[in-house]
Structure formats: structure tokens, C-alpha cells
Amino acid sequence: MRTIGCSFVLLVISLAEGAPVVGLSRRPGASRRLAEEARLYGDLTRLMAFHADILVGTPGQIQSVIVDTGSGRTAFPCTGCGNGCGEHMDPPFNPQSSSTFRWVQCGEKGCNSCSGSKCSYNVRYVEGSSINGEFFEDVLQLGVAQRANQRGPVWMGCHSQETMQFRTQAPAGIMGLNEGGWDVVKALADGPLEKEIFALCLAENGGSMTLGGTNSTWMPTTVPFQWTPYKTNYVLDLNGINFGGLELFSGFVGSFQLDSGTTWSYFPRAQSMKLEEAIREAAKERQVTWVSISCLEATEEEMDRFPNATFRFGNANYTWPAKGYMFLKSTNTWCFSFFTAPPFLLGASFMMNNAIIFDREEKKIGFAPSSCPRFVSRNDLAPGIEELNGPSRNAATSYSEISFAWPQRFLSRWLPWTLMADV
């Protein structure tokens, strides 16, 4: 799904298609890795999305890509895009500088649209923005060179045109993690990784991502993972909501997609109103002041004393902490991170402060509360984690070095504009 709002589910006009590790069964083949890790950057407050660095080609060229469990393709601008693409935090990918690059040709399996002899894509979204370009195959490495993750061949998209919000976003592109044939997870699981599995851990600033398994150093947990089966597109059946011991809903509530490419979370009106009422009552008990219809004033310590919300998916309980259902808009100002609007889904705000494993081979999702590592800059270090990388030549190392405007689509493609004033 298209990021910072409602991910890539939008309207597709045409598209060619060294720590303990959790839950792995060894695949045959030599030189396979249990898990490969990378930093995530981003937040819900200013950037309103989370992205990873990848190296593409030989030698590797750095590209910042938003991690999106709602779409299944990885794409970004290439040098040939010229004025057709916007300026992003990393230079466009240069196909001529990669010795392993090749265009995907018409007639190859998985290609459903062509431009001349090349396999192409043309995607338009409901709010009006679009991307188009051609598919290519090259090697991709999660993270940067210092991580020493293994490379594998992946189909990716080379933008020849970006319009509207695509031109103004800071990250270069997007990395689709949904089940989509030639997506990154499947491609690398068929190559250097042991298993078709990945995990995300989103913090207030940045986080971590692994492919092939889960590294407990990067996603520390103190309780066992709880597991629930998922349907197509990582859709989960919600069977109850509890708030601080108060049962808000029991029995089947609905089906919700787990979508890291959407900033906020979206519930039917009854669920949103009931959850809002419970939070307001908790604020009243703690003598916390509301500064608007959807925002309150509280310190971080006061927010830590708010009750958790517990969501039941089958026999698994998912903990949604206060710093998840509320986001820090500005100093001591916290606002709801969920709204009433279709499609109903659980976005990045729902995934905060949890290690979440997507096991695509077993068709199940596991989760546990986690102290996810925090990163703001590519130069940051995190306690307990080795230094991951130094700055890449010609790439911004900190968000203070860039001044891109995040598109309103990223806030929410579906959120009624009348509510945006309080966000």
C-alpha cells in the first residue's frame, strides 16, 4: 500500500507484474543466512513513514525505500527519469554503473505489460498521483555494505515518471513486502536466505528490519511471540478489544490488513468511538487536559501510565501501548493515531513498539512487545547494536540535511480533510 497514509492498495490502473533467531527451519543449499538485518528510519510525527536503506547493483548504489507490507513491488527513480522525477534524499539509481543490471524483457514470465521491448508498469492512485517506468533485474542487498548482508537478484522498477506527491517524498522509493510474485522477500528467500520470512520493529524514531528470521539483539522481547494465521495480504481476524481490563468488544469485530505503508490505523465508527471514550476516561482519571478534540497534553511519563489496549486475533493477544494509539505531535502534545474511515486496516501506528514476524511459509504472523532500537540519522549508534554503516557518498546522512515536504497522501489518503486540522 502507498505509504504515510494508505499505501499501495489505491487504484492500480495497470501494473506489470550473531544472536538467537526465531522460527527457522533450514532450507537446502549452501551459504544461506539465518537472518539479515537493517536499520529503519522514520517516525509518526514528522516523516510519517518508515524506510530502510538498500544497496542495488554492482557496485551497490544506496536507495532509501519505504517499507510497505501493503504492496509487492520495489521501485525508485533511475537516472533516465530526469525532469520526470523529483529530487529525493539519494541520487537516482544509475543502470550504466551496475555490471549486473539487465532490463526485464517482454515475454518473460510475470510480465503483463510492455513498453517497446521492455516489461513496464503504469500505476495511478486514487488521489491522483502516479508512477510509471520499466522493470529491471539486479542484485539487492538489505542495509548497506558494512552490514555484509548477502545479495540476491530481484525484479525492481525503474521510474521514468513520478507525479504529484511521489515527486516530493524524501525517500527515493518503496519496498513492497506483500506477497506479489517477484517481491523482495520471495526473491531473496529463493536465493541467499533460508526462509520466506521477515520482521519489523517500529520505534518512536526508526526501528529495525530483518529478512529470513528475527535477531533478538535487534528486536529484544521479554515474553514469547504469540502467533495467529493471516489471510491474503496479511489480513487478520479481530476477535475482541480490551482496554486496561475493560472489555470494549468481544466476538468477531472484523478483518483488518496489517499495513506498514499506512501511517494511521482505521476502524469502523463503533470501534473508534468506543476506543476514544475509553482513552478519554483514562485521561480524566489521570487529570490530563485535552487541548483539542483529538489531542491531549501529557509528559512521556504520564503517557507511560495510560492503560494498554489489547487486541485479540484468534488465541493471540496483541498489546497496543499508549504511545501507539496516541502519537507525539509536538512537545507534550499527543493525538489519536487512529480514525474512522475505510478501508479498515492496522497501519504503522498500530505496529509501534512491537516485534512483528511475517512468516509467509507458514502463513502466520507473530508479535511480542519490544524495545525496538531507535535511529534518526545514518550516523546514529544504538546501545547493544554494532555500528551498522557510515555515510554513503552523495547521500544525505541526516534528515536535517534534507528539506522535502511529506505529501498529505502519506498522512492519510482516506482521512476526511475536515479532521486534518487536529492531526
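When side chains are defined from C-beta on, F243 counts as touching I279, because their heavy atoms get closer than 4.5 Å. Using a 4.5 Å heavy-atom cutoff, the side chains of V184 and L140 are in contact. Side-chain contact between F256 and L236 is absent, with no heavy-atom pair separated by less than 4.5 Å. Within the 4.5 Å cutoff, side-chain heavy atoms of M351 are placed close to those of L200.
Residues satisfying the side chain to side chain contact (heavy atoms under 4.5 Å, CB included) test with P220, not counting sequence neighbours, are S370, S371. Residues meeting the salt bridge (charged side-chain N to carboxylate O under 4.0 Å, His left out) test with K364, sequence neighbours left out: none. Remark: Q287 pairs with no residue by the side chain to side chain donor-acceptor pair (under 3.5 Å) rule, at least two apart or across chains. Every residue meeting the side chain to side chain contact (heavy atoms under 4.5 Å, CB included) condition with R151, not counting sequence neighbours, appears here in chain and number order: T58, V139, Q141. In this structure, E301 has no salt bridge (charged side-chain N to carboxylate O under 4.0 Å, His left out) partners at least two apart in sequence or on a different chain. For E285, there are no salt bridge (charged side-chain N to carboxylate O under 4.0 Å, His left out) partners at least two apart in sequence or on another chain. Remark: Q271 pairs with I241, F249, V253, F267, P268 by the side chain to side chain contact (heavy atoms under 4.5 Å, CB included) rule, at least two apart or across chains. With sequence neighbours excluded, the residues satisfying salt bridge (charged side-chain N to carboxylate O under 4.0 Å, His left out) with K323 are E300, D304. Every side chain to side chain contact (heavy atoms under 4.5 Å, CB included) that Q226 has, sequence neighbours left out, goes to A316, N317, F367.
Contact detail for A52 and M175: the closest heavy-atom pair is CB-CE, 4.4 Å.
The list of side chain to side chain donor-acceptor pair (under 3.5 Å) pairs with a residue in residues 228-240, not counting sequence neighbours, reads N178-N233, E179-Y230, K231-D237, Y234-R360, D237-S255. Residue pairs satisfying the disulfide (SG to SG under 2.5 Å) criterion with at least one member in residues 200-264, sequence neighbours excluded, are listed as follows: C201-C372. Sequence neighbours left out, not one pair with a member in residues 229-273 passes disulfide (SG to SG under 2.5 Å).
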CA sep, side-chain torsions, deciding dist, call: R269, E276, salt bridge (charged side-chain N to carboxylate O under 4.0 Å, His left out): CA-CA 10 Å; R269 182 174 178 82; E276 283 187 19; over 6 Å; no

Worked verdict on L275 versus L248 for side chain to side chain contact (heavy atoms under 4.5 Å, CB included): CA-CA 7 Å; L275 187 55; L248 301 184; 4.0 Å; yes

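Distance alone, capped at 3.5 Å, places no donor-acceptor pair between the E36 side chain and the T210 backbone. Looking only at distances, a side-chain donor or acceptor of D259 sits under 3.5 Å from a matching main-chain atom of G261. S265 places a side-chain N or O within 3.5 Å of a backbone atom of G347 that can act as its donor or acceptor partner. Remark: side-chain polar atoms of S260 are paired, donor with acceptor, to backbone N or O of V67 under 3.5 angstrom. With hydrogens and angles ignored, the 3.5 Å screen pairs a side-chain donor or acceptor of S349 with a backbone N or O of S337. With T163 contributing its side chain and S130 its backbone, the two residues share a donor-acceptor pair below 3.5 Å. At least one donor-acceptor pair under 3.5 Å links the side chain of R39 to the backbone N or O of S377. No donor-acceptor distance shorter than 3.5 angstrom exists from the side chain of S330 to the backbone of T333, with no hydrogens or angles considered. With hydrogens and angles disregarded, no donor-acceptor distance shorter than 3.5 Å links the side chain of Y121 to the backbone of S113. Between the side chain of H159 and the backbone N or O of I131, no donor-acceptor pair lies under 3.5 Å.
Taking a cutoff of 4.0 Å between a charged side-chain nitrogen and a carboxylate oxygen, R286 and E281 do not qualify as a salt bridge.
Using cut-offs of 30° and 60° on the angle between ring planes, the pair W320 and F311 is perpendicular. The aromatic rings of F136 and F76 stand perpendicular to each other, their planes meeting at an angle above 60°, with 30° marking the opposite boundary.
The aromatic ring centroids of F350 and Y318 lie less than 6.0 Å from each other. Between F327 and W264, the ring centre distance stays below 6.0 Å.
For the 3.5 Å distance criterion, the side chains of D90 and Q63 fail to qualify, holding no donor opposite an acceptor. For the 3.5 Å distance criterion, the side chains of S120 and S115 fail to qualify, holding no donor opposite an acceptor. Of the N and O atoms on the side chains of E162 and H88, at least one donor lies less than 3.5 Å from an acceptor on the other residue.
When the SG-SG distance for C81 and C158 is compared with the 2.5 Å cut-off, it comes out at or above that value. Remark: C119 SG to C106 SG, distance not under 2.5 Å.
W155 does not carry R73 over the face of its six-membered ring by the limits of under 6.0 Å from the centre and within 45° of the normal.
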